[in-house]
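One structure is given below, encoded as structure tokens.
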Amino acid sequence: MILLDVFKWTKMRFIRGIFCKFVAIKMAKIAMIEKINSLKAEIEGLQAANLADVEALRIKYLSKKGEVSLLFNDFRNVPAEQKKEMGQLLNQLKNIATDKINSLRDALESVDTDCDGIDLTRTSSPIKLGTRHPLSLVRNEIISIFSRLGFSIADGPEIEDDWHVFSSMNFADDHPARDMQDTFFIQRNPADVLLRTHTSSVQSRVMEKSQPPIRIICPGRVYRNEAISARAHCFFHQVEGLYVDKNVSFADLRQVLLYFAQEMFGPETQIRLRPSYFPFTEPSAEMDISCNLCGGKGCSFCKHTGWVEILGCGMVDPNVLEACGIDSKEYSGYALGMGVERITNLKYQVKDLRMFSENDTRFLDEFKSAR
Ligand code: DAH
């Protein structure tokens with residue numbers, strides 16, 4: 001009797017055990033299917049704002065420790081008879097996740113090329129590069145030539161007083177340049193304030209502040225009360241040169257002028273000096289160069305003379321040295337002054353002076369290839 005009961009009890013436990021195991025397997029399967037389905041729904045609804053989000057989603061679902069990959073780990077415990085069915089479901093989930101993440105990435109990558117409404121794939125419109133103004137090109141070249149000879153650059157104001165522009169430069173009180181017809185006056189009497197008519201004013205600015213040796217060039221804009229035409233303008237540009245030291249001679253000046261002319265216009269260039277007059281130099285000269293168009297043979301440009309005038313020069317008048325506080329018995333010097341427009345005209349044959357200040361880009365573009 002007891003034996004029968006024990007048997008019954010054992011059988012019951014066995015059956016119950018089998019039943020429990022069966023239920024557990026069923027439950028595990030259901031749980032896994034549920035997990036697969038919920039992941040599927042979750043993945044299908046995924047959104048990403050940028051590529052970094054997409055990468056975060058890939059890590060979350062598909063990396064080694066990602067949620068889909070972890071399900072594959074659980075797959076090891078799935079009973080053999082369920083492996084086929086569960087395997088298919090899992091593969092399907094992995095494909096859905098891979099496709100979804102790829103499509104999110106593709107969509108964002110195509111949006112990225114059109115970032116913020118800018119289509120980066122569009123052919124660019126050419127950027128119009130500016131050019132150096134021909135006057136700047138020539139001024140820079142003049143500066144560079146004189147720098148090689150040891151000249152440094154000095155500067156002075158465009159709005160000047162009478163003393164620096166005229167008196168210190170040995171202009172007579174009744175010199176016509178002091179006339180309103182030639183000079184733009186800003187204020188007359190008690191002190192004259194005016195727009196400088198030449199860069200020679202920088203000579204006195206430098207000499208009143210420093211003692212020789214002085215070796216400077218002064219590039220700058222000057223103003224004259226002229227009617228504007230092809231050959232004259234109310235403003236233009238000059239470069240002034242000044243060298244003051246002991247025993248400076250006219251021969252020094254001539255050699256510097258020859259060097260300058262040959263550096264600027266080519267090694268074949270010849271120079272000639274004609275006597276002239278300037279209040280601030282004695283003796284004074286004007287320098288011509290052999291015509292750089294016809295090589296000195298004569299053409300319409302040089303009016304068939306073979307020569308073209310390019311600058312004024314001379315030995316600094318002792319009165320100028322003394323007015324600026326330099327002992328003219330101990331020191332001598334030379335000075336020179338040239339118009340940048342004139343040199344540019346000779347180099348590039350610009351016939352009309354007005355072209356330099358009209359900012360016509362068709363004209364300026366012609367100097368694109370110049371240094
Ligand atoms: N200042 C003169 C002018 O404006 C140019 C000039 C001539 C400058 C002779 C000089 C010089 O230094 O020596 O026309």
Side-chain angles (χ1 to χ4, degrees), residues 139 142-143 146 149 151 153-158 160 162-172 175-179 181-184 194-207 212 214-226 231-245 248-257 260-261 271-289 308-321 323-324 326 328 331-343 345 353:
R139 183 205 52 205
I142 299 170
I143 290 173
F146 279 96
L149 292 170
F151 284 75
I153 298 176
D155 204 6
E158 290 179 16
E160 262 293 7
D162 177 279
W163 192 80
H164 288 96
V165 177
F166 298 128
S167 300
S168 64
M169 290 284 108
N170 203 30
F171 279 75
H175 193 283
R178 291 188 134 121
D179 199 278
Q181 307 300 312
D182 290 308
T183 303
F184 288 116
L194 48 98
L195 293 178
R196 67 179 178 194
T197 55
H198 57 177
T199 44
S200 303
S201 55
V202 187
Q203 283 192 28
S204 44
R205 288 252 163 219
V206 172
M207 283 192 282
I214 293 169
R215 197 178 353 217
I216 47 132
I217 49 164
C218 344
R221 180 175 282 185
V222 299
Y223 302 82
R224 283 186 200 173
N225 195 352
E226 303 246 16
R231 298 170 63 88
H233 211 293
C234 60
F235 66 81
F236 54 98
H237 302 80
Q238 290 186 333
V239 177
E240 186 82 13
L242 175 71
Y243 178 38
V244 184
D245 204 347
V248 177
S249 71
F250 202 94
D252 298 326
L253 169 62
R254 194 190 176 282
Q255 206 50 38
V256 162
L257 293 174
F260 167 72
I271 63 166
R272 81 175 181 189
L273 292 164
R274 282 179 292 103
S276 185
Y277 171 78
F278 299 101
F280 35 90
T281 43
E282 182 57 37
S284 303
E286 272 170 316
M287 182 177 97
D288 298 340
I289 56 162
V308 283
E309 185 210 318
I310 68 163
L311 55 79
C313 59
M315 299 305 292
V316 181
D317 193 301
N319 289 344
V320 174
L321 294 175
C324 299
I326 290 175
S328 63
Y331 296 105
S332 57
Y334 64 70
L336 56 104
M338 66 189 96
V340 181
E341 277 80 352
R342 174 85 181 137
I343 309 277
N345 189 3
L353 265 182

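In each ligand, atom 1 is the first atom listed, and ligand 1 is the first ligand listed. Note that the numbering runs from 1 along the sequence shown for the chain. Computation of the quantities below employed the complete heavy-atom set of this structure, encompassing side-chain atoms and omitting hydrogens, waters and symmetry-equivalent molecules.
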>> If the condition is salt bridge (Lys or Arg N to Asp or Glu O under 4.0 Å), which residues does Glu286 pass it with, not counting sequence neighbours?
In response: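 If we apply the salt bridge (Lys or Arg N to Asp or Glu O under 4.0 Å) test to Glu286, skipping adjacent residues, the hits are Arg274.
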> Is the His175 ring parallel, tilted or perpendicular to the Phe171 ring (thresholds 30°, 60°)?
Replying inline: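 Aromatic pair His175/Phe171 classed perpendicular.
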> Taking the six-membered ring for Trp, are Tyr334 and Phe151 parallel (under 30°), tilted (30 to 60°) or perpendicular (over 60°)?
Replying inline: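 Ring orientation of Tyr334 relative to Phe151: tilted.
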> So Ile142 and Phe260, side-chain contact (heavy atoms from CB on, under 4.5 Å) or not? Walk me through it.
Replying inline: CA-CA 8 Å; Ile142 299 170; Phe260 167 72; 4.1 Å; yes
Under 3.5 Å: N or O atoms of ligand 1 paired with protein N or O:
from: ligand 1; atom 1: 1 (N); to: His198; atom 2: ND1; distance (Å): 3.0
from: ligand 1; atom 1: 1 (N); to: Ser200; atom 2: OG; distance (Å): 3.0
from: ligand 1; atom 1: 4 (O); to: Arg224; atom 2: NH2; distance (Å): 2.8
from: ligand 1; atom 1: 4 (O); to: Gln238; atom 2: NE2; distance (Å): 2.9
from: ligand 1; atom 1: 12 (O); to: Gln203; atom 2: NE2; distance (Å): 3.4
from: ligand 1; atom 1: 12 (O); to: Glu240; atom 2: OE2; distance (Å): 2.5
from: ligand 1; atom 1: 12 (O); to: Leu336; atom 2: N; distance (Å): 3.3
from: ligand 1; atom 1: 12 (O); to: Leu336; atom 2: O; distance (Å): 3.4
from: ligand 1; atom 1: 13 (O); to: Ala335; atom 2: O; distance (Å): 3.2

> So, are Glu160 and Arg205 salt-bridged, with charged N and O less than 4.0 Å apart?
Replying inline: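 A salt bridge links Glu160 with Arg205.
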> Hey, do the aromatic rings of His198 and Phe280 have their centres closer than 6.0 Å?
Replying inline: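 Judged by ring-centre distance (under 6.0 Å), His198 and Phe280 do meet the cut-off.
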